[in-house]
Amino acid sequence: MSGSSFKNPYINGYYMEKTSPTTYKMLKIKNKVYSKQSKYQKIEVMDFEEYGRCLVLDDLIQLSELDEHLYHEMHVHPTLISHENPEKVLILGGGDGGVLREVLKHECVKKVIMVEIDEEVIKAVKEYMPNIPRGAFEDPRVEIVIEDGKKYVEETKEKFDIILMDLTDPEPSGPSIQLYGKEFFKEIKRILKEDGILLLQSSGYEMYGRKILEIQEILKEIFKYVGIYASYVPAYGGEWTFTYASDKVDVLGLGLEEISRRYLDRKLNTRYYNPELHFSLRYSMKSLLEKIKLFSEIQTKPHQSISS
């Protein structure tokens, strides 16, 4: 999730990953724990000296046990807190169980359907990274559907209060690219309740600035309220963006008093997310969009990629 992969990312005991069109990071590998080629992707669990145990899919870091809460808490809580009574939630992707774990902290949630295309990811996490889901897959409120997310959304008759898209990045040739288009977002709106909210991880702007802006423009054609915020995730190498859309709810429009009341009423226990942080996000959106635009302009310039 953190960048773009390339041939042979393993160099002299280090793992190398692209974080922007011209920038790479290197992490020292401590131990390769698990590796399997599923029907859809290469699944690896590795221990790194700095970030500890990480889930890696197709040579891209998806999460680290060190800082995954910086991603998962910010993926879930601003959206669920913004909804007055989120009872039914759909998660597209999220096979590591981190988003699911955070959703289940809201006792008002009565039903969660998680649609994951690759069951092998769930199996790997249960076996080698159980501290991520922490039993979430076994919660009686949860239904796991092993299916393509696009197919599920197009065929389901269900309606949801919240839809969370925890998918791989919008690479032009990647498996999730069709789930970032206009027609798919129209289908998402069809299965949202009138006051429902869509939230998607929209990647890092150093790599995907142009795509983030494109997603914003598409959503603005479909929904009344569209916004964006970010969380710095060290394992991803930069700020990670989250885009929301709704016809009734502005995720960054709630007052601090109401955010705090809902946080306390739902007895949430979080390490990073808090009401004050949620409230402050509205003041950073303008500057965040400026950074995204800056990097989108850089991405239009030709560059030379290193070979490996």
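Applying the ring-ring contact (aromatic ring centres under 6.0 Å, His included) test to pairs two or more places apart or on separate chains, those with a residue in residues 99-128 are Y34-Y128, H77-H106.
Within a 6.0 Å sphere centred on NZ of K42, heavy atoms belonging to other residues, nucleotides or ligands number more than 12. Around the CD atom of E276, the shell of radius 6.0 Å holds more than 12 heavy atoms that belong to other residues, nucleotides or ligands. When the shell of 6.0 Å around CG of N12 is examined, it contains 12 or fewer heavy atoms from other residues, nucleotides or ligands. Other residues, nucleotides and ligands place no more than 12 heavy atoms under 6.0 Å from the CD atom of E84. The number of heavy-atom neighbours closer than 6.0 Å to NZ of K30, taken from other residues, nucleotides and ligands shown, is 12 or below. At most 12 non-hydrogen atoms from other residues, nucleotides or ligands lie less than 6.0 angstrom from NZ of K224. Taking a 6.0 Å sphere around NZ of K111, one finds it holds more than 12 heavy atoms contributed by other residues, nucleotides or ligands.
Judged by distance alone, with hydrogens and angles left aside, the side-chain atoms of T241 form no donor-acceptor pair with the main-chain N or O of G204 at under 3.5 Å. Here the side chain of H278 pairs no donor or acceptor atom with the backbone of S260 at under 3.5 angstrom. In terms of modelled atom types and a separation under 3.5 Å, the side chain of R101 and the main chain of I132 share a donor-acceptor contact. Between the side chain of D148 and the backbone N or O of I117 there is no donor-acceptor pair closer than 3.5 Å. When atom types are taken as modelled, the side chain of R266 and the backbone of C108 share no donor-acceptor pair closer than 3.5 angstrom. Remark: side-chain polar atoms of Q201 are paired, donor with acceptor, to backbone N or O of L167 under 3.5 angstrom. Between the side chain of R190 and the backbone N or O of V153, at least one donor-acceptor pair lies under 3.5 Å. Using modelled atom types, no side-chain atom of T156 and backbone atom of Y152 make a donor-acceptor pair closer than 3.5 Å. Judged purely by atom type and a 3.5 angstrom limit, Q62 uses its side chain to pair as donor or acceptor with the backbone of L60. Looking only at distances, a side-chain donor or acceptor of E73 sits under 3.5 Å from a matching main-chain atom of R271.
There is no path of hydrophobic side-chain contacts, each under 4.5 Å, that joins Y40 to I144. Both L277 and W240 belong to a common hydrophobic cluster when Ile, Leu, Val, Met, Phe, Trp and Tyr are linked at side-chain heavy-atom distances under 4.5 angstrom. Under the 4.5 Å side-chain contact rule for hydrophobic residues, I146 and I91 share a cluster. Following chains of ILVMFWY side-chain contacts shorter than 4.5 Å, one can reach M26 starting from Y24, so the two form part of one hydrophobic cluster. A single hydrophobic cluster is not seen to contain both I212 and Y225; linkage of ILVMFWY side chains at heavy-atom distances under 4.5 Å, directly or through other members, places them apart.
Shown here for L254 and F279, the closest heavy-atom pair between the two residues is O-CD1, 3.7 Å. Across every non-hydrogen atom of I222 and K182, the tightest pair is CD1-O, 3.8 Å. Closest approach of L281 and A230 over heavy atoms only: CD2-O, 4.4 Å. Closest of all the heavy-atom pairs between L289 and I228 is CD2-CG2, 3.8 Å. The shortest heavy-atom contact between V125 and L55 is CG2-CD2, 4.2 Å. Residues L200 and Y180 approach most closely at CD1-CE2, 3.7 Å, considering heavy atoms.
For the residue pair D67 and Y272, no side-chain donor N or O sits within less than 3.5 Å of a side-chain acceptor on the partner. Counting only N and O atoms by type, the side chains of D118 and Q41 include a donor and acceptor under 3.5 Å apart. Counting only N and O atoms by type, the side chains of S231 and Y273 include no donor and acceptor under 3.5 Å apart.
The closest side-chain heavy-atom distance from D96 to H72 is below 4.5 Å. Proximity of V112 to D139: side-chain heavy atoms (C-beta onward) are nowhere separated by under 4.5 Å.
Between D47 and R53, at least one side-chain nitrogen of the basic residue sits less than 4.0 Å from a carboxylate oxygen of the acidic one, meeting the salt-bridge criterion. A salt bridge between E68 and R134 is present, with a side-chain N of the basic residue lying under 4.0 Å from a carboxylate O of the acidic one. Ion pairing between a basic and an acidic side chain is recognised when a charged N comes within 4.0 Å of a carboxylate O; E107 and K267 show no such pairing. Under the 4.0 Å criterion applied to side-chain N and carboxylate O atoms, E297 and K293 are not assigned as salt-bridge partners. Taking the charged nitrogens against the carboxylate oxygens, K189 and D247 do have a contact shorter than 4.0 Å, which makes a salt bridge. Remark: K151 engages E155 in a salt bridge, criterion side-chain N to carboxylate O under 4.0 Å.
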Candidate pair Y263 and T270, rule side chain to side chain donor-acceptor pair (under 3.5 Å), full reasoning: CA-CA 10 Å; Y263 184 88; T270 54; 2.6 Å; yes

Worked verdict on E257 versus R261 for salt bridge (Lys or Arg N to Asp or Glu O under 4.0 Å): CA-CA 6 Å; E257 184 177 344; R261 185 189 68 78; over 6 Å; no

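In this pair, F242 and Y71 present their aromatic rings tilted. The plane angle is within the 30 to 60° band.
Stacking of K150 on the aromatic ring of F184 is not recorded, the 6.0 Å distance cut-off and the 45° axial limit not both being met. Annotation: cation-pi pair K28/Y14 present, NZ/CZ under 6.0 Å from the ring centroid and within 45° of its normal.
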